[in-house]
2 protein chains.
Amino acid sequence: MKVGDRNFRTIWLDAADNTVVQLIDQRKLPHDFVIEDIRTPEEMATAIREMHVRGAGLIGAAAGYGLYLAALRYGDSFEEIRKAAALLAATRPTAVNLAWAIERQLKEISRGSNAEERIRRSRETAEAIANEDAASCQRIGEYGVALIRQLASKKNGQTVNVLTHCNAGWLAFVDYGSATAPIYAAHGSGLPVHVWVNETRPRGQGSKLTAWELGQEGVPHTVIADNAAGHLMQRGLVDLVLVGTDRTTYTGDVANKIGTYMKALAAADNNVPFYVALPSSSFDWQTRNGRDIPIEERSDDEVKAAEVWSNGVHHRIALAPNDSPASNFAFDVTPRHLITGLITERGICPADEISITGLFPERIAS
Amino acid sequence: MKVGDRNFRTIWLDAADNTVVQLIDQRKLPHDFVIEDIRTPEEMATAIREMHVRGAGLIGAAAGYGLYLAALRYGDSFEEIRKAAALLAATRPTAVNLAWAIERQLKEISRGSNAEERIRRSRETAEAIANEDAASCQRIGEYGVALIRQLASKKNGQTVNVLTHCNAGWLAFVDYGSATAPIYAAHGSGLPVHVWVNETRPRGQGSKLTAWELGQEGVPHTVIADNAAGHLMQRGLVDLVLVGTDRTTYTGDVANKIGTYMKALAAADNNVPFYVALPSSSFDWQTRNGRDIPIEERSDDEVKAAEVWSNGVHHRIALAPNDSPASNFAFDVTPRHLITGLITERGICPADEISITGLFPERIAS
């Protein structure tokens, strides 16, 4: 998608030196646009853990490229590649795309009998993961735009107000995004759409990332405090909630950025449709109950402070007393009964086991 | 309540020069503790509008003292005092204590036939408003502590986890606080209590004020992002929600800091009791439907940035792109059916018209 006048993905192989992976260092947004070079799987693990890259699809793609870098470095030893895979897998516990991409890569790499083959296979797989992610998001946009078109028609062409939480934009994937794909498709086809952007404390992925990418694409939007979503819905100012997910069980329970659950409660209380957009790589085909999804806890410093980069300088201000402890669960689980539907690359379905496995029948066998 | 080893109120007449009102400049907390001198009603209006002081009871007390300063300055002219009252009344539209205190002061001042009498009456009334506020909060503590005692007993003496939003602490009143009064009473009587403190973006009254005052009193607490409350309730980590209110209709609808409504939805969804603590000065005896309460909109800059004072220096960081607009509704309305009960200075009652007017029968006639 657009950054200024140029099109970017979030992660790619350096065209000049394809032993280097390049990515947008998202910690620096919205004020600084910085591209980082990643040369080793260890550097990639750091980039994922410390959230230079984040978001369901992008974490998977980054892990895929990380294992290509591992094959480049440790191609002679599958054991060393497996160690790199374990390092990458341990970076973020909730995101299911991570495990999915690593498993896929290891299976492919294991088929190579020497370093050269392992490197070739891992590179092809990393590129395939990235390309499929982009293609899935594009299809999510094609299916999801129908919802916005219906609402616009119901409103006689008045602006459709979509509320989103965190960043399930192109920055969270390789391109297009999940929750944003229908929005970009609507905007691109001339439908009048406006986005309420939850700032998404503690890390501010909404105000820092979603607002930035919508702005670059020229999509009208307004940043709000996370506390404001309920009030806007009570006042009839939200027509549709569209969010992403870091992991959705095959039964339809949705793990997503902390705070999603309360937005879903508010949507249900005000009869606002609540949709979750995801490529099938974000489904967890093993876990039946959303309560069993592990919830990452991050440093209390993220809650006690606010931080931002500007002109290459890191700014941090302490918002709470130094002596006060803080807690920082990164995700919560929205139970399926609060979800109107899931938007996948194969279409829209209700958030229940029969509908989900009906759309992806090949996963039942596995 | 305690600041270090000393006891403070939030606002008081300077003992050395009682033409000066002193108050804690709450914009500077939690890092800087600064006492500000206020000498004119215009300065008091600025202090209220720009939130040097804030919170239901304290706004009322500040307006009361502001009209004493008006009487000192314009004692010869009731018309000038009335102008000062209008200036004070326009500072914050949602807080009902403001209108209540101003009306009470004007009635008293109007009974004085000369400057000296007006000054005397306005001083007595300002002091009475402040003292009654403190006394009401103390009684709220005495009634509310019973809820915490019951929960502690039900939990066999394990720690009772109370979640609160914004600051309905002593900093929001003259002393004790509304939502915090039962907590301080419980802590003071040795009941094991721990408080989850919502940071309360955009202004951070939770992390900056509630965490600070609980810390000064030695009450165990943990700061959380506003997004986290629902998850904590899903996990059984919250036994009781206790919040304040800026205005509650006589039918039981509660206007409070933006975000309260979604916490109430989460409490209802998880069977967590949700109580609102308020002195009767926060009741609106005219408005039947919470939807008719005017909701203050504040500067978008509060949402787009985070700010804090430290060692006398103001720090501000921009969290959103400069070009992105933001919206900043300061309050929302929680409908009565989501509220377990109200804790007033006359006892605890359900949030409905019959119960509220039953507890305050003298207000029906008015």
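Bear in mind the structure is a predicted one, so any value in this text is a computation, not a measurement. First the proteins, then the strands, lettered A, B, ... as listed; each starts at 1.
- Chain B forms more heavy-atom pairs under 4.5 Å with one residue of A/R291, A/K263, A/M233 than with any other, namely A/K263.
- Between chain B and the options A/D323, A/T260, A/D226, heavy-atom pairs under 4.5 Å are most frequent for A/D226.
- In this structure, no portion of B/L209 lies under 4.5 Å from any heavy atom of chain A.
- A/D269 CG to B/D269 CG: the interatomic distance, rounded to the nearest 0.5 Å, is 10.0 Å.
- The residue among B/D332, B/T222, B/N322 with the most heavy atom pairs within less than 4.5 Å of chain A is B/T222.
- The residue among A/S207, A/A225, A/A266 with the most heavy atom pairs within less than 4.5 Å of chain B is A/S207.
- Other residues, nucleotides and ligands contribute more than 12 heavy atoms inside 6.0 Å of the NZ atom of B/K155.
- B/N227 places no side-chain N or O within donor-acceptor distance of the main-chain N or O of A/T200, the cut-off being under 3.5 Å.
- Side chain of B/H31 to main chain of A/A318: a donor-acceptor pair is present (N/O by atom type, distance under 3.5 Å, no hydrogens or angles).
- Taking CG from A/L237 and CZ from B/F329, the interatomic distance works out to 6.5 Å, rounded to the nearest 0.5 Å.
- Residue with the most contacts toward chain B among A/Q234, A/K304, A/K208: A/Q234 (heavy-atom pairs, distance under 4.5 Å).
- Among B/A228, B/P220, B/G206, the residue with the largest count of heavy-atom pairs under 4.5 Å with chain A is B/A228.
- A/A229 touches chain B through backbone and side chain together, each having a heavy atom under 4.5 Å away.
- Residue B/N328 does not touch chain A at all, counting heavy-atom pairs closer than 4.5 Å.
- For B/E307, the part lying under 4.5 angstrom from a heavy atom of chain A is the backbone only.
- The candidate from A/A306, A/S327, A/P335 with the greatest count of non-hydrogen atom pairs under 4.5 Å with chain B is A/S327.
- Heavy atoms closer than 4.5 Å to chain B are found in both the backbone and the side chain of A/P321.
- Note that CD1 of A/I317 and OG of B/S310 are 10.0 Å apart. Values are rounded to the nearest 0.5 Å.
- Top candidate by heavy-atom pairs under 4.5 Å with chain A, chosen from B/V308, B/L319, B/I224, is B/L319.
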